Amino acid sequence: MTNDKIYVTQPFLPPLEDFLPLVEEIWASGYLTNGGPLHQRLENALAEYLGVEHLALFNNGTIALITALQALDLKGEVITTPFSFVATTNALIWNKNTPVFVDIDPVTANLDPTKIEAAITDKTTAILPVHCYGNPCDMEAIREIADRRGLKVVYDAAHAFGVQNDDGSVLQRGDLSTLSLHATKVFNTFEGGAVICRTAEMKQHINELKNFGIVDETTIKVAGSNGKMSEIHAAMGLAQLHHIDACIARRGEVDAAYRTALADIPGLAPLPKPNQTISNYAYFPISVTKDYPLSRDEIYDALRKENILTRRYFYPLLSTLPMYADLPSADPANLPVATEIANQVLCLPIFPAMADGDVTRIIEALRAPLQRTWHAAAE
Ligand SMILES: *Cc1c(COP(=O)(O)O)cnc(C)c1O
């Protein structure tokens, strides 16, 4: 068996012959960016594929999220999860909002709606939940609280490309949702992102914000940024969209193979995938508990020695980072579930080009410490 490096993910590259004709189109049109023809085509194709009405493409998911928050003109405090990628809370700081951390649900690893109300103050203006690992949040409970307390809801849906629950696409929920189309995500445009909104007026506003705030040649309303997706990035998205169902299907096979193999490894449990009718298999998080002979960090190191590069998404918790640790809500006593999960979780490699042999190699590496303890016990 080879000992090649297996990364936690590997970007999906569509066949070059799908990409090159689109590059030729760019050369023929002379349009490089600023909402060119490929950009328009990708916006329409993605809105249709995802089952949403209004989608605005961005140059990356972070600027998409920063712009979504800016579009709602939020002030003051925003309730969010500590169990996410750092872009989530950084986007609040860029908008001069104060993050208020609320603990997560032990099953979904998402913001626990039963703990939101206690964190609302007269400065609270919004809730920023994350569909962590593509697990849909309890969106009904969040909507009920937000409606009753007059708060906006922005979903960081960076992990939720294509995810559906009983109500259809999770991307239609909340005031706004944002996607990341980064190379490490399920669907990528090298770098990219999107904001999903509910009305044509909001999309127009967002389009202005991602173009410096320019309304027309002589009118600039607010200090927007530059969040535009270029034609070459849109070409990557168009070339990839034909293959996305096959990519997700292959991820599903890897997910199923892991679940079967892990069923008889004590102390390693896949995190459940609740509340979804269509999954994107973006991540394969497992929880490493006391029944396993190694700690989470020990198995992470042991796998690394075997060239198997797992990730501890999301450790450390955002609330422990120097920018956030002084916030009152960052106190670990306020976040017991997130603190425990962040110390147990390990994301195993999952990507469309993964071979069955890669899965076997990873499973054997996860079994090896058990065999060593059995031998030790027998001696
Ligand atoms: C990837 C990610 C982002 C940032 O997206 P980029 O496209 O990399 O800027 C934001 N939030 C979450 C939860 C992510 O995983």
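Just follow the structure's listing: the first ligand is 1, and inside any ligand the first atom is 1. Keep in mind that this is a model prediction, so the values were computed, not measured.
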When you check the gap from the basic side-chain N to the acidic O, do Arg149 and Glu144 get nearer than 4.0 Å? no
Of all heavy-atom pairs linking Ser225 and Ile63, the shortest is OG-CG2, 3.8 Å
Would Gly193 count as a contact residue for ligand 1, given that I'm defining contact as a non-hydrogen atom of the residue lying under 4.0 Å from a ligand atom? no
Quick one: does Asp156 get an N or O within less than 3.5 Å of an N or O on ligand 1? yes
Please classify the Glu191 to ligand 1 contact at 4.0 Å (heavy-atom distances, strictly less than): side chain, backbone, both or neither. neither
Please state which protein non-hydrogen atom is closest to atom 12 (C) of ligand 1 and give its distance, to 0.1 Å? Ala158 CB, 3.4 Å
Got an N/O contact under 3.5 Å between Gly61 and ligand 1? yes
Report the residue from Thr121, Thr98, Thr125 that forms a side-chain hydrogen bond (donor to acceptor under 3.5 Å, both in side chains) with Glu77. Thr121
Closest protein heavy atom (residue, atom, distance) for atom 1 (C) of ligand 1: Lys185 NZ, 1.7 Å
Angle class for the His131/Tyr155 ring planes (parallel below 30°, perpendicular above 60°, tilted otherwise)? parallel
Tell me which protein heavy atom sits closest to atom 4 (C) of ligand 1, plus the residue, atom name and distance to 0.1 Å. Thr62 OG1, 3.6 Å
Note the single closest protein heavy atom to atom 15 (O) of ligand 1, along with its residue, its atom name and the distance in Å. His159 NE2, 2.8 Å
For Ser84, the atoms of ligand 1 under 4.0 Å from one of its heavy atoms are 13 (C)
For atom 3 (C) of ligand 1, closest protein heavy-atom neighbour: Phe85 CD2, 3.7 Å
What do the steps show when you test Asp105 against Lys115 for salt bridge (Lys or Arg N to Asp or Glu O under 4.0 Å), and what is the final call? CA-CA 9 Å; Asp105 177 278; Lys115 302 202 177 124; over 6 Å; no
Strictly under 6.0 Å, is that where the ring centroids of His159 and Phe314 end up? yes
Applying the 4.5 Å side-chain criterion to the ILVMFWY set and letting contacts propagate, would Leu348 and Tyr7 be lumped into a single cluster? no
Tell me, please: is Gly192 in heavy-atom contact with ligand 1, that is, under 4.0 Å? yes
Supply the atom-to-atom distance His39 NE2 to Ile232 CD1, rounded to the nearest 0.5 angstrom. 14.5 Å
